[in-house]
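Below, read A as the first sequence line, B as the second, and so on, with proteins coming before strands; counting in each chain starts at 1.
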Amino acid sequence: MPETSNATQSTRSDRAAISARSLVKTFGAGENAVHALKNVDIDIRENEFFTLLGPSGCGKTTLLRMIAGFELPTSGTILLDGQEITALPPYKRPVNTVFQSYALFPHMTVAENIGFGLKMLGRPADNVQGRVEKMLALVQLEAMANRRTDQLSGGQQQRVALARALAPEPKVLLLDEPLAALDLKLRKNMQLELKSLQAETGITFVFVTHDQEEALTMSDRIAVMRSGEILQIGAPKDIYERPTHRFVADFIGDINILEGEIAGAGGGTAQVRLKDGTTISARLAEGMAQTGPAAVAIRPEAARIAGQGETADLTGTLENVVYFGAASYLHLRLNSGEEFVLRQPGGLDGHDLSRGARLGIAIQPGRARVLE
Amino acid sequence: MAEAIRKGPRARDLKAMPGFKTVAWLCIIALYLPLAVLVIFSFNDNRSVVRWTEFSFRWYEAALSNDGIRNATWVSVKIAFVATVVATAAATMAALATTRTASFRGQGLAYGIINQPLMIPEIVTAIATLSLFALIKTATGVTGIGYLMAAHTAFCIPFAFMPIRARLEDMTLVLEQAGADLYATPWQTFRHITLPLLMPGIVAGAMLAFVVSLDDVIITLMVAGPGETTLPIYILGAIRRGITPEINAVSTILVGVSVLLVVLLFFVQRRMEK
Ligand SMILES: Nc1ncnc2c1ncn2[C@@H]1O[C@H](COP(=O)(O)OP(=O)(O)OP(=O)(O)O)[C@@H](O)[C@H]1O
Ligand SMILES: [Mg+2]
């Protein structure tokens, strides 16, 4: 799969900061065993903003906790800069965590919280002091240095947690849904702040979320997880435009998935006969089956109403129009009974948009894809 | 209006329940009327503890200059101090072991064993302790106040254990994990995070242990050797010869000390939790 992000981000190296090899984590045993991670392989590169994305219970936190050292894998290894750290206790790993609950020390001031890591590393007091001041400036909390942490707002606590984890300059920063407790507006601001902090510090960020939009806007690369497995790793654009797995396609953004059967394949393209009898061509990723049943995924924005005299790829009956100003979403029913949503940009003039109208659908070449 | 909003609906509901006030007052009277009588008659200028004549401090003067009372107080404080320090340290370690280590086989059993002394009738513990100490005494020939201190330490442990464990269970592990994440070794994590956060529990446990030790009659009665008279034992002996307002005065001082301890505890905890 092509890496679209590398061309634009020349400062990034391809060296792995964190690697996991055949990582397995099973909680409990026998009938009650929970397979939190099943054979995970992953390489997180230096200086990248890497996101673990997946539904609740898919093992994101478990993976993060094993990188931090709070949890021992059942089997497999974890490498940091190529060195094995699988069994190293947390306090010996140059990895810091921003906890979802922030976990600020309630008996210390903001400054003491931020300086804690450096103090434990045995740095001289004036050194710690200087670094704390720098971190306070970085997260714009200079005025709060001597406050107790329970006198801060949620957003401020969040920033203290960030500053505390960044102060010792870890190789890798782990963030477990750090924005989940914030309201929408603050959340959007913090997304930007986090992103620029990562760029400024050049520290590898491993970010956990189950919010696909957050993942798409912030990440250099995303790993989509489901029930203990990684389904796809790639840049946001890859994941969005070239999902290889049905779950990934469905989980990220809106998408139409049509069932069919491959009628013929070659040159990275397959002819898929859909349930309503029409045949459309769809991209076939390397290594996929060339025959048999297949699902075709088409994003709403990759389709539009076919113009006069244009040959339509699909035909449907209009059921509903949702007007959004810059674009409209048209909900159509195909002959097979499947629903198809398309995003029609611009005005809607010149088309018969009464309910029940028969409309042709044109799909942008190359934007229909066969899913695994 | 503002008042109603601040207090919220719940606060009013409870008070509006029929008979709530009556029951509350009955409880308060049952608890504090005897104490009030005791305190009032300690200031009575008369030998009687039932007939009031005039206000005076004479029984306090008598009590404070009574050598028997002074010695007994000193013995009590000595024993309570030693028992408190040792029991609190042991209870802290026990609480850490039952909440902060990876769960081990027999953890529930350990918890049960620590709390069991609270269930066993005190008289049984007293006799058991007496038998054991008699055995040791005949075997070694060693005597002294150490036996009493050891006995007090033993029965103070579960009392110190309870608030410490409760506090530990309230403290989420995530703070200690955050410590470890920020390069604190297990010892540093304990020293800089667990211990300061646990302090209110430890102080509460220590005060409880101190009061329980100061209070004890049955076990002390059994184990105490000659000359090892604690304050409660002295009071018990004095009552046998008839209640005098002097005893009221001593008891009032004891009540005063415990009230002081409770108030102190309240402020210490509030300061630490702020
Ligand atoms: N200590 C544990 N003991 C037993 N099962 C556990 C433990 N920790 C996690 N699990 C199980 O492992 C699975 C993965 O949990 P994990 O916390 O990693 O999910 P997650 O992806 O972080 O989910 P969420 O988005 O809800 O935080 C879940 O089924 C969970 O119930
Ligand atoms: Mg989680």
Check against salt bridge (charged side-chain N to carboxylate O under 4.0 Å, His left out), Asp43(A) and Arg15(A): CA-CA 9 Å; Asp43(A) 282 295; Arg15(A) 283 186 40 204; over 6 Å; no
For chain A, the option from Thr189(B), Thr185(B), Thr172(B) that forms the most heavy-atom pairs under 4.5 Å: Thr185(B)
His192(B) and Phe116(A) aromatic ring geometry - parallel, tilted or perpendicular at 30°/60° bounds: perpendicular
Per-residue contact mode, Leu174(A) against chain B (heavy atom under 4.5 angstrom): neither
Chain B contact via Arg93(A) - side chain, backbone, both or neither, heavy atoms under 4.5 Å: backbone
Which atoms of Leu197(B) approach chain A - backbone, side chain, both or neither, heavy atom under 4.5 Å: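 Side chain only.
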Under-4.0 Å salt bridge between Lys119(A) and Glu112(A):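 No.
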Backbone of Ala111(A) reached by a side-chain donor or acceptor of Asn146(A) within 3.5 Å: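 It does not hold such a pair.
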